[in-house]
Amino acid sequence: MEINFIPIDYDYFDYQGRTYAKIIGRTDKGKKVCIIDEVPVYFWAILKPKLLEKKIRQLQEKIERIKVESANRESKVLKTEVHDKNFLGKECKAIKIFITNLKDAHDIADKMGFDEIEKRREYDLGYVTKYILERKLKPLVWYNIDGELITDNELGGINSIEVDDVLKLKTIKLLEKQPEFKPKILAYDIETDEFEIGKGHILMISLVGENFKKVLTWKGKDSKKQFVENFKDETEMLEAFVRYVKEQDPDILTGYFSDNFDLPYLRARAEHNQMKLNLGIDNSQPSFSRGRLLTGKIKGIVHIDMLRFIQIVYSQYLQSETLSLNEVASELLGEKKTEWEHKHSSKIKKHEWEDYFEYNLQDSVITKNLAEKIWPDLQEFTRIIQEPLFEISRDSMSAHVENYIIHNLERFNEIAEKRPTHEEIGDRREEGRFEGAFVLQPVPGLYSNVIFFDFTSMYASVIVSYNLSKSTYSEKEIPDSVEVDLNPKAYFSKKPGFFPQMLAEIIKKRKMYKQEYNQKKDTLSKARSNAFKLLANASYGYQGFFGARYYCLPAAAATAALARSSVKDAIEKIKNQGYKVIYSDTDSIALLQENKTKKQVLETLEKINSELPGVMELDLEGFFKRGIWVTKRTGEFGAKKKYALIDDKNKLKIRGFETVRRDWCNLARQTQNKILQLILENGNEKQALEYLKKIVKQIKLREIPLEQLLIRTQLKKPIEEYKSISPHVTIAKKMKEKNIPVNIGMLIEYYIAETNEKKALVRDRAKMPDEKGKYDIEYYLKNQILPAVENIFEVFNVNTNELLDGKKQMKLGEF
DNA sequence: GGTCCTGCGTTACC
DNA sequence: ACCGGTAACGCAGGACC
């Protein structure tokens, strides 16, 4: 039978010693279908150069005799073939070794310690990756599939899984016209009495899908809400949850922080109540793999923890200071949810339960909206990198880069490099650091007509332009190469390597889809452009990352070194054209327009671009009517990574200042922001100074609400591990004593209060927000407000310290 | 008891 | 363990006088 099919989830199973792929997807008629398929599995033995044919044949025979036995199967080599391949850009002869079961590839490879073999490779690729490579049945791409319906008890009863049809694949054909795919998304969220997994009851579970809204609970017998469904106890509620998930039959089950909270909690409570949380299409329970973080997997339904994907892919582009559902949703969706003050169920009053149900439902509604908003990005990442959605939603950026490489090696006839061993990782981490970016020390001041240039995807374009990669690198001087002045010197062949070539394509596609987006303003080209941009930006970090298959520290060091010299060259050229360069950081250059016209500026840019190597490109980032740079708090020099700009539309761009640092109190941040705004709008400090005086007075009169004075600092490790006990650690200890849950990653809130005895240490004056106390006027003036503004006023030779003198008078009773 | 310096720790920039 | 280096700066803690 023939169907149009889109693969969503990939899995595999063993039956009678053989491995089968099991792909779950949808048909264009909306049916959920499982495809069963088989591909030959193999790995490679790369041979030493110049082996005689006879030798190779003898070796093949030896290899073909290898067998390994494990508890439940015997695995052997099925056949071997000799191929001309490339490994790390070099031509080689390699034996392709076909085996019965991929799981035994390691053991078979271990038995191949023959002299003629230089390296064994690709025994460490996962089955699903191998399957996608081999069959070219790529995730989230439409295919026409011809398959045979499995109706009997074949393959150990595979047809009993909960899908519409199970098909054994015969042939696949890529569909020319790719229709839009909208997955069925079901969002869920639980509310519990305790934060520790499984410790307390699950009070309620919300489920939200298309035209489907439910809150399942055993606490809702008095509820008048339509969406609330009441059950006898927790067990019945959990059973109903499983039932509803199956009934809804989603492609994606999504939660927020659900890998590490909701799903493991559900599993733990099911266990506690001696029932099975059989969510899988084969009635299996969710499984959890342990890395540093839990990962929850459900067979046949893609479980996606939205937080993971947002953390990895979006967080650097978000303004949100925490990645809480509330903050992220309000930034990405413009939705604010109503707050609920968490308390134990025994303390919830009757009428409050209704609000609690509403709150619980809302979390799932928001999570679903978030998933729909982010879907284009998830989809495009999946299509571009060609790994399953489940992995794409959780993998780190380095894994994305690596998977992109692996799925594109075939065009280069390349055999994949292996993953580093623990020892190799250890050695790599010992290798030490290399010099990074160049940052130009600014001269403090208020400047008019500031222009910013920046290099587009600078590191990626350096890698491409200078061909920097593991396969092009040489320790020793080689013909037709570029020498990079590192210690020791590094040489990179001019013959294009596969990684720089792939990266060149990534950059090209980024450019193409960005242009397409600028014309069409559609979500698809935006998501594509975004995915390629992120891949390009992660490429430099990838080559310097100790866990990478294609780790190459000299390539990373050379990338940084050539980026430094490129930016310095550009600065010199700009200066030679008669401009003053006032600042530069990594890939950007700030210069003053002064008496030049915009046309002249663009000509300068053009000239520099014409002289840049390869795909490197200097771009006009923007014109700003004013900009301010300040001194460091210690010393006379200009502070790096701290400046503020304003454009013609009075839009501010603030970098590095306390305004953008979440570990300063809101009052200091807002005051500084306002002062920067007034100065940049007016071009002088007059109004800003008046504003500051007003704020100082309000502080002294205790008119500032405590919320404005709270300092938030993240707890980054267990309390006991801190060598230096700073205020937030002290508060975290206090919270723990009071049985308030304290987790790693939490933002600890506190304020600094006055004390009777004059204690020197800040931490001894730190109090929790709900602790009684008067805020310490002197602390907030001297340690928050003044430090945030004094360097700014110093630009105008205004000494803000004088404003503080009022505090003595206050103590004398002036206020 | 004060001053100075250093290291820890967090958060930013790119 | 899950991409890199550069940088600012508060606070604690110890050296030193």
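Model, not experiment: these values are computed from the prediction.
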Under 3.5 Å, N/O pairs linking protein and nucleotides 9-11 of chain C:
| residue | atom | partner | partner atom | Å |
| --- | --- | --- | --- | --- |
| C:dC9 | OP1 | A:K642 | NZ | 2.7 |
| C:dC9 | OP2 | A:R633 | N | 2.8 |
| C:dG10 | OP1 | A:R633 | NE | 2.6 |
| C:dC11 | OP1 | A:Y779 | OH | 2.5 |
| C:dC11 | OP2 | A:N783 | ND2 | 2.9 |

What N/O pairs connect the protein and nucleotides 14-17 of chain C at under 3.5 Å? Give each pair on its own line.
none

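Distances were taken from every side-chain heavy atom of A:R433 (C-beta onward) to each of B:dC14, B:dT11, C:dT6; the shortest belongs to C:dT6. Listed candidates were C:dG4, B:dT11, C:dA7. Nearest to the side chain of A:T713 is B:dT11.
Counting non-hydrogen atoms of neighbouring residues, nucleotides and ligands closer than 6.0 angstrom, the NZ atom of A:K511 reaches no more than 12 such neighbours. Counting heavy atoms of neighbouring residues, nucleotides and ligands inside a 6.0 Å radius, atom NZ of A:K568 exceeds 12 of them.
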Tabulate below the donor-acceptor pairs under 3.5 Å that side-chain atoms of residues 425-433 of chain A make, not counting sequence neighbours, or state none.
| residue | atom | partner | partner atom | Å |
| --- | --- | --- | --- | --- |
| A:R428 | NH1 | A:F546 | O | 2.7 |
| A:R428 | NH1 | A:A548 | O | 2.8 |
| A:E431 | OE2 | A:Y551 | OH | 2.9 |

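Partners of A:T659 under the side chain to side chain contact (heavy atoms under 4.5 Å, CB included) rule, at least two apart in sequence or in another chain, are A:I654, A:F657, A:Q672, A:N673, A:L676. A:F492 is linked by a ring pair (Phe, Tyr, Trp, His ring centres under 6.0 Å) to A:Y473, counting only residues two or more places apart in sequence or in another chain. The ring pair (Phe, Tyr, Trp, His ring centres under 6.0 Å) search around A:Y550 returns A:F498, not counting sequence neighbours. Partners of A:Y123 under the ring pair (Phe, Tyr, Trp, His ring centres under 6.0 Å) rule, at least two apart in sequence or in another chain, are A:H106. A:N791 meets the side chain to side chain contact (heavy atoms under 4.5 Å, CB included) test with A:V630, A:T631, A:R633, A:E794; sequence neighbours excluded. Applying the side chain to side chain contact (heavy atoms under 4.5 Å, CB included) criterion to A:K723, with sequence neighbours excluded, gives no partner residue. Applying the side chain to side chain contact (heavy atoms under 4.5 Å, CB included) rule to A:D587 yields the partners A:F455, A:M458; only residues at least two apart in sequence or on another chain are considered. With sequence neighbours excluded, the residues that form a ring pair (Phe, Tyr, Trp, His ring centres under 6.0 Å) with A:Y583 are A:W629, A:Y643.
Here A:G541 lies in heavy-atom contact (under 4.0 Å) with a base. Note on A:Y459: nothing from the nucleic acid sits closer than 4.0 angstrom, heavy atoms only. Among the atoms of the strands shown, none is found under 4.0 Å from any heavy atom of A:Q543. Using a 4.0 Å heavy-atom criterion, one finds that A:F438 contacts no nucleic acid atom at all. Within the 4.0 angstrom heavy-atom criterion, only backbone atoms of the sugar-phosphate kind lie near A:G544; the bases stay farther away. Note on A:Y643: only backbone sugar-phosphate atoms sit closer than 4.0 angstrom, heavy atoms only; bases stay farther off. If you check every strand for non-hydrogen atoms under 4.0 Å, A:A399 touches nothing.
Regarding A:F657, its CZ atom lies at a distance of 15 Å from the P atom of B:dA12, rounded to whole Å. The distance from atom NE2 of A:H728 to atom C1' of C:dA12 is 13 Å, rounded to the nearest whole Å. Between A:D663 atom CG and B:dC13 atom P there is a gap of 12 Å when expressed in whole angstrom units. Put simply, NE2 on A:H422 is 12 Å from C1' on C:dC2, counting in whole angstrom units. Rounded to whole Å, the distance from CG on A:L715 to C1' on B:dC8 is 14 Å. Atom NZ of A:K640 is separated from atom C1' of B:dC14 by 14 Å (rounded to the nearest Å). At whole-Å resolution of the value, CG in A:L645 and P in B:dC13 are 12 Å apart. For the pair A:K723 NZ and B:dT10 P, the interatomic distance rounds to 12 Å; values are reported in whole Å.
Residue A:R662 has no polar side-chain atom (N or O) positioned under 4.0 Å from OP1 or OP2 of B:dT10. Within the 4.0 Å cut-off from OP1 or OP2 of B:dG9, at least one side-chain nitrogen or oxygen of A:K717 is found.
A cation-pi geometry, defined here as NZ or CZ lying under 6.0 Å from the six-membered ring centre and within 45° of its normal, does not hold between A:R528 and A:F532.
Two residues, A:A538 and A:Q441, neighbour DNA chain C, and the one matched to the more 5' nucleotide by heavy-atom proximity is A:A538.
Taking every heavy atom of both residues into account, A:I628 and A:V795 meet most closely at CD1-CG2, 4.2 Å.
With a cut-off of 3.5 Å on both pairing distances, the Watson-Crick and G-U wobble pairs of DNA chain B assemble into stems of 3 or more at B:1-14 with C:4-17.
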